Amino acid sequence: SQQGEEDPQALSIQEGENATMNCSYKTSINNLQWYRQNSGRGLVHLILIRSNEREKHSGRLRVTLDTSKKSSSLLITASRAADTASYFCATDLDSSASKIIFGSGTRLSIRP
Amino acid sequence: KAGVTQTPRYLIKTRGQQVTLSCSPISGHRSVSWYQQTPGQGLQFLFEYFSETQRNKGNFPGRFSGRQFSNSRSEMNVSTLELGDSALYLCASSPYSKDLGTGELFFGEGSRLTVL
(Lines give C-alpha, C1' and ligand atoms only; values in the text may rest on other atoms or scores of the structure.)
Protein backbone atom coordinates (compact mmCIF):
# COMPACT_ATOMS: atom_id res chain seq x y z
CA SER A 1 0.00 0.00 0.00
CA GLN A 2 1.10 3.57 -0.56
CA GLN A 3 1.56 6.13 2.17
CA GLY A 4 0.99 9.15 -0.03
CA GLU A 5 -1.62 10.06 -2.57
CA GLU A 6 -1.03 12.84 -5.07
CA ASP A 7 -3.69 15.10 -6.44
CA PRO A 8 -4.36 15.63 -9.29
CA GLN A 9 -3.29 12.44 -11.04
CA ALA A 10 -2.63 14.42 -14.20
CA LEU A 11 -2.19 18.13 -14.89
CA SER A 12 -1.79 19.96 -18.20
CA ILE A 13 -0.87 23.64 -18.22
CA GLN A 14 0.48 26.28 -20.60
CA GLU A 15 4.18 27.07 -20.54
CA GLY A 16 4.80 29.98 -18.20
CA GLU A 17 1.93 29.13 -15.87
CA ASN A 18 2.33 27.83 -12.34
CA ALA A 19 1.72 24.19 -11.47
CA THR A 20 0.51 23.03 -8.07
CA MET A 21 0.49 19.42 -6.93
CA ASN A 22 -0.77 18.12 -3.63
CA CYS A 23 0.17 15.13 -1.53
CA SER A 24 -1.68 13.62 1.39
CA TYR A 25 -0.28 10.96 3.68
CA LYS A 26 -1.65 8.76 6.42
CA THR A 27 0.72 8.53 9.37
CA SER A 28 3.26 10.69 11.21
CA ILE A 29 6.43 11.33 9.26
CA ASN A 30 10.06 12.16 9.85
CA ASN A 31 10.37 14.18 6.65
CA LEU A 32 8.71 14.51 3.24
CA GLN A 33 10.43 14.67 -0.11
CA TRP A 34 9.46 15.42 -3.69
CA TYR A 35 10.97 13.64 -6.69
CA ARG A 36 10.66 14.01 -10.46
CA GLN A 37 10.72 11.20 -12.99
CA ASN A 38 11.06 11.60 -16.71
CA SER A 39 9.41 8.81 -18.66
CA GLY A 40 10.98 5.44 -17.90
CA ARG A 41 14.00 6.94 -16.14
CA GLY A 42 15.22 6.98 -12.57
CA LEU A 43 13.82 9.46 -10.08
CA VAL A 44 15.56 12.73 -9.30
CA HIS A 45 15.35 14.32 -5.88
CA LEU A 46 13.89 17.84 -5.86
CA ILE A 47 13.48 18.94 -2.27
CA LEU A 48 13.23 17.62 1.29
CA ILE A 49 11.20 19.23 4.04
CA ARG A 50 11.43 18.13 7.65
CA SER A 51 8.39 17.55 9.82
CA ASN A 52 9.18 20.66 11.89
CA GLU A 53 9.36 22.92 8.81
CA ARG A 54 6.36 24.54 7.17
CA GLU A 55 7.76 25.91 3.91
CA LYS A 56 10.85 25.51 1.79
CA HIS A 57 12.07 27.04 -1.47
CA SER A 58 14.50 25.86 -4.10
CA GLY A 59 14.75 27.90 -7.29
CA ARG A 60 11.31 27.80 -8.96
CA LEU A 61 10.06 25.22 -6.45
CA ARG A 62 8.10 25.95 -3.32
CA VAL A 63 7.03 23.20 -0.94
CA THR A 64 4.67 23.53 1.99
CA LEU A 65 3.96 21.00 4.71
CA ASP A 66 0.95 20.90 7.03
CA THR A 67 1.46 18.09 9.52
CA SER A 68 -1.91 18.75 11.18
CA LYS A 69 -3.64 17.97 7.87
CA LYS A 70 -1.02 15.41 6.83
CA SER A 71 -0.57 17.14 3.50
CA SER A 72 2.05 18.85 1.38
CA SER A 73 2.02 20.86 -1.80
CA LEU A 74 4.61 21.42 -4.51
CA LEU A 75 4.42 24.63 -6.53
CA ILE A 76 6.45 25.02 -9.72
CA THR A 77 6.46 28.62 -10.89
CA ALA A 78 6.93 29.84 -14.47
CA SER A 79 6.74 26.33 -15.90
CA ARG A 80 8.91 25.23 -18.82
CA ALA A 81 8.62 22.42 -21.34
CA ALA A 82 11.44 20.63 -19.52
CA ASP A 83 9.23 20.39 -16.41
CA THR A 84 7.08 17.80 -18.20
CA ALA A 85 7.46 14.72 -16.01
CA SER A 86 5.82 12.74 -13.21
CA TYR A 87 6.17 14.11 -9.70
CA PHE A 88 6.09 11.99 -6.57
CA CYS A 89 5.98 12.77 -2.90
CA ALA A 90 7.78 10.40 -0.56
CA THR A 91 7.67 9.99 3.18
CA ASP A 92 9.68 8.11 5.73
CA LEU A 93 7.74 7.01 8.76
CA ASP A 94 9.16 8.36 11.99
CA SER A 95 9.07 4.90 13.43
CA SER A 96 11.28 3.49 10.71
CA ALA A 97 13.43 6.02 8.93
CA SER A 98 14.98 3.39 6.69
CA LYS A 99 11.81 2.88 4.67
CA ILE A 100 10.73 5.58 2.23
CA ILE A 101 7.29 5.20 0.70
CA PHE A 102 6.23 6.93 -2.52
CA GLY A 103 2.87 8.30 -3.49
CA SER A 104 1.01 7.55 -6.68
CA GLY A 105 2.39 10.54 -8.56
CA THR A 106 1.12 13.46 -10.63
CA ARG A 107 1.80 13.47 -14.35
CA LEU A 108 2.53 17.05 -15.42
CA SER A 109 2.40 18.12 -19.07
CA ILE A 110 3.52 21.56 -20.17
CA ARG A 111 1.95 22.80 -23.41
CA PRO A 112 4.11 25.10 -25.57
CA LYS B 1 31.46 11.20 -8.38
CA ALA B 2 29.84 8.34 -10.27
CA GLY B 3 26.11 7.88 -9.83
CA VAL B 4 24.14 4.76 -8.99
CA THR B 5 24.72 2.06 -11.58
CA GLN B 6 22.23 -0.68 -12.29
CA THR B 7 22.84 -3.68 -14.50
CA PRO B 8 21.49 -4.98 -16.73
CA ARG B 9 19.35 -2.13 -18.07
CA TYR B 10 17.01 -4.38 -20.02
CA LEU B 11 16.30 -8.07 -19.85
CA ILE B 12 13.73 -10.54 -21.08
CA LYS B 13 12.94 -13.75 -19.22
CA THR B 14 10.30 -16.43 -19.42
CA ARG B 15 7.94 -17.59 -16.71
CA GLY B 16 9.55 -19.86 -14.17
CA GLN B 17 13.06 -18.53 -14.68
CA GLN B 18 14.98 -16.54 -12.11
CA VAL B 19 16.77 -13.22 -12.44
CA THR B 20 19.47 -11.33 -10.57
CA LEU B 21 19.77 -7.56 -10.75
CA SER B 22 22.78 -5.62 -9.59
CA CYS B 23 23.19 -2.17 -8.08
CA SER B 24 26.38 -0.23 -7.36
CA PRO B 25 25.68 2.70 -5.05
CA ILE B 26 27.40 6.04 -4.95
CA SER B 27 30.77 5.77 -3.24
CA GLY B 28 30.36 6.24 0.51
CA HIS B 29 26.65 5.45 0.57
CA ARG B 30 25.89 2.50 2.82
CA SER B 31 22.10 2.40 2.45
CA VAL B 32 20.60 0.78 -0.63
CA SER B 33 16.88 0.55 -1.30
CA TRP B 34 15.03 -1.33 -4.04
CA TYR B 35 11.69 -0.45 -5.62
CA GLN B 36 9.42 -2.06 -8.17
CA GLN B 37 7.55 0.28 -10.49
CA THR B 38 4.58 -0.83 -12.57
CA PRO B 39 1.82 1.19 -14.27
CA GLY B 40 -0.83 -0.43 -12.08
CA GLN B 41 0.84 -0.42 -8.65
CA GLY B 42 3.18 2.55 -8.93
CA LEU B 43 6.39 2.57 -6.92
CA GLN B 44 6.42 -0.22 -4.39
CA PHE B 45 9.13 -0.58 -1.72
CA LEU B 46 10.91 -3.93 -1.87
CA PHE B 47 13.65 -3.74 0.76
CA GLU B 48 16.42 -1.63 2.24
CA TYR B 49 19.92 -2.70 3.19
CA PHE B 50 22.48 -1.00 5.38
CA SER B 51 25.92 -2.41 6.15
CA GLU B 52 24.95 -5.82 4.74
CA THR B 53 21.80 -6.03 6.91
CA GLN B 54 18.24 -5.91 5.65
CA ARG B 55 16.55 -3.33 7.83
CA ASN B 56 13.17 -3.18 6.15
CA LYS B 57 11.11 -5.22 3.75
CA GLY B 58 7.98 -4.45 1.76
CA ASN B 59 4.98 -6.67 1.14
CA PHE B 60 6.39 -8.96 -1.51
CA PRO B 61 6.43 -12.76 -1.60
CA GLY B 62 9.52 -14.71 -0.62
CA ARG B 63 10.43 -15.10 -4.29
CA PHE B 64 11.91 -11.62 -3.99
CA SER B 65 15.17 -11.54 -2.09
CA GLY B 66 18.23 -9.37 -1.88
CA ARG B 67 21.60 -8.97 -0.30
CA GLN B 68 24.28 -6.39 0.21
CA PHE B 69 28.00 -6.94 0.08
CA SER B 70 30.73 -5.42 2.22
CA ASN B 71 31.46 -2.82 -0.49
CA SER B 72 27.76 -1.74 -0.30
CA ARG B 73 26.96 -3.16 -3.74
CA SER B 74 23.60 -4.87 -3.71
CA GLU B 75 21.80 -7.54 -5.67
CA MET B 76 18.18 -8.55 -5.79
CA ASN B 77 16.90 -11.86 -7.01
CA VAL B 78 13.48 -12.92 -8.20
CA SER B 79 12.89 -16.64 -8.51
CA THR B 80 10.14 -18.48 -10.35
CA LEU B 81 9.24 -15.45 -12.43
CA GLU B 82 5.60 -14.62 -13.10
CA LEU B 83 4.12 -12.40 -15.80
CA GLY B 84 3.23 -9.86 -13.13
CA ASP B 85 6.89 -9.41 -12.24
CA SER B 86 7.39 -7.42 -15.43
CA ALA B 87 8.40 -4.00 -14.17
CA LEU B 88 11.06 -1.36 -13.85
CA TYR B 89 13.23 -2.23 -10.86
CA LEU B 90 14.86 0.81 -9.33
CA CYS B 91 17.75 0.92 -6.93
CA ALA B 92 18.56 3.95 -4.82
CA SER B 93 21.42 4.71 -2.47
CA SER B 94 21.54 7.11 0.40
CA PRO B 95 24.06 8.59 2.83
CA TYR B 96 22.02 7.45 5.80
CA SER B 97 22.51 9.37 9.06
CA LYS B 98 20.90 8.95 12.45
CA ASP B 99 19.89 12.61 12.38
CA LEU B 100 18.19 12.70 8.99
CA GLY B 101 17.35 9.05 8.55
CA THR B 102 17.54 7.82 5.00
CA GLY B 103 17.21 11.34 3.64
CA GLU B 104 17.65 11.97 -0.06
CA LEU B 105 17.63 8.95 -2.34
CA PHE B 106 19.89 8.83 -5.38
CA PHE B 107 18.35 6.60 -8.03
CA GLY B 108 19.85 4.56 -10.80
CA GLU B 109 18.25 4.39 -14.25
CA GLY B 110 16.61 1.07 -13.43
CA SER B 111 16.51 -2.43 -14.82
CA ARG B 112 13.51 -3.07 -17.05
CA LEU B 113 12.42 -6.68 -16.76
CA THR B 114 9.99 -8.25 -19.19
CA VAL B 115 8.61 -11.68 -18.37
CA LEU B 116 7.11 -13.63 -21.28
Side-chain angles (χ1 to χ4, degrees), chain A residues 1-10 21 23-53 56 58 61 63 65 85-107, chain B residues 3-7 9-10 23 25-26 29-51 53-60 68 87-114:
Chain A
S1 63
Q2 287 166 313
Q3 157 79 321
E5 295 295 330
E6 273 94 338
D7 170 54
Q9 287 188 326
M21 287 158 270
C23 167
S24 59
Y25 56 91
K26 299 172 185 174
T27 61
S28 297
I29 60 171
N30 189 40
N31 59 54
L32 185 143
Q33 305 179 54
W34 285 89
Y35 287 80
R36 183 187 74 226
Q37 184 182 35
N38 290 91
S39 183
R41 307 289 300 274
L43 281 76
V44 174
H45 179 264
L46 295 175
I47 198 165
L48 180 151
I49 185 166
R50 297 196 189 206
S51 59
N52 61 354
E53 297 175 314
K56 205 161 183 179
S58 177
L61 306 180
V63 168
L65 178 63
S86 291
Y87 292 82
F88 296 87
C89 68
T91 54
D92 62 347
L93 310 180
D94 59 359
S95 62
S96 177
S98 65
K99 181 178 181 178
I100 292 184
I101 303 298
F102 284 81
S104 51
T106 292
R107 182 170 292 185
Chain B
V4 177
T5 304
Q6 290 189 247
T7 57
R9 290 291 313 280
Y10 303 91
C23 172
I26 291 173
H29 288 189
R30 294 161 64 190
S31 171
V32 174
S33 301
W34 287 90
Y35 292 85
Q36 180 198 64
Q37 187 176 31
T38 60
Q41 297 297 316
L43 274 158
Q44 299 287 319
F45 175 82
L46 280 158
F47 23 65
E48 189 263 359
Y49 287 88
F50 182 81
S51 292
T53 299
Q54 185 183 89
R55 296 193 296 184
N56 244 306
K57 190 177 191 305
N59 294 324
F60 280 83
Q68 186 180 34
L88 179 66
Y89 290 87
L90 292 162
C91 164
S93 72
S94 164
Y96 176 85
S97 70
K98 284 185 180 177
D99 177 45
L100 195 56
T102 298
E104 177 182 349
L105 293 175
F106 294 80
F107 280 85
E109 291 295 329
S111 292
R112 184 166 294 282
L113 170 66
T114 301

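Given the structure is predicted, the values throughout are model-derived calculations rather than measurements. Atom set for the values below is all heavy atoms of this structure, side chains included, hydrogens, waters and symmetry mates excluded. Letters A, B, ... mirror the listed sequences (proteins, then strands); counts begin at 1.
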From CA spacing to verdict: side chain to side chain contact (heavy atoms under 4.5 Å, CB included), Leu105(B), Phe102(A): CA-CA 12 Å; Leu105(B) 293 175; Phe102(A) 284 81; 4.1 Å; yes
- line: Whatever's closer than 4.5 Å to a heavy atom in chain A on Gln37(B) counts as side chain
query: Around atom CD of Glu53(A), are there more than 12 heavy atoms of other residues, nucleotides or ligands at under 6.0 Å?
result: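 Count over threshold, so yes.
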message: Would you compute the distance between atom CD1 of Ile100(A) and atom OG of Ser31(B) and round it to the nearest 0.5 angstrom?
response: 8.0 Å
field: Distance (rounded to the nearest 0.5 Å) between His45(A) NE2 and Phe107(B) CZ
entry: 10.0 Å
query: What are the two closest non-hydrogen atoms of Gln37(A) and Leu90(B), and how far apart are they?
result: NE2-CD1, 4.2 Å
- request: Identify the heavy atoms of Asn56(B) and Lys99(A) that sit nearest to each other, and give their distance.
  value: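 That closest heavy-atom pairing would be ND2-CB, 3.5 Å.
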Non-neighbouring partners of Gln54(B) that pass side-chain hydrogen bond (donor to acceptor under 3.5 Å, both in side chains), sequence neighbours left out: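 If we apply the side-chain hydrogen bond (donor to acceptor under 3.5 Å, both in side chains) test to Gln54(B), skipping adjacent residues, the hits are Tyr49(B).
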task: Tell me, please, which residues at least two apart from Arg9(B) pass side-chain hydrogen bond (donor to acceptor under 3.5 Å, both in side chains).
output: none
- request: Evaluate the side chain to side chain contact (heavy atoms under 4.5 Å, CB included) criterion for residues Tyr35(B) and Leu43(A): first the C-alpha distance (whole Å), next the side-chain angles of each, then the deciding distance (0.1 Å), finally the verdict.
  value: CA-CA 11 Å; Tyr35(B) 292 85; Leu43(A) 281 76; over 6 Å; no
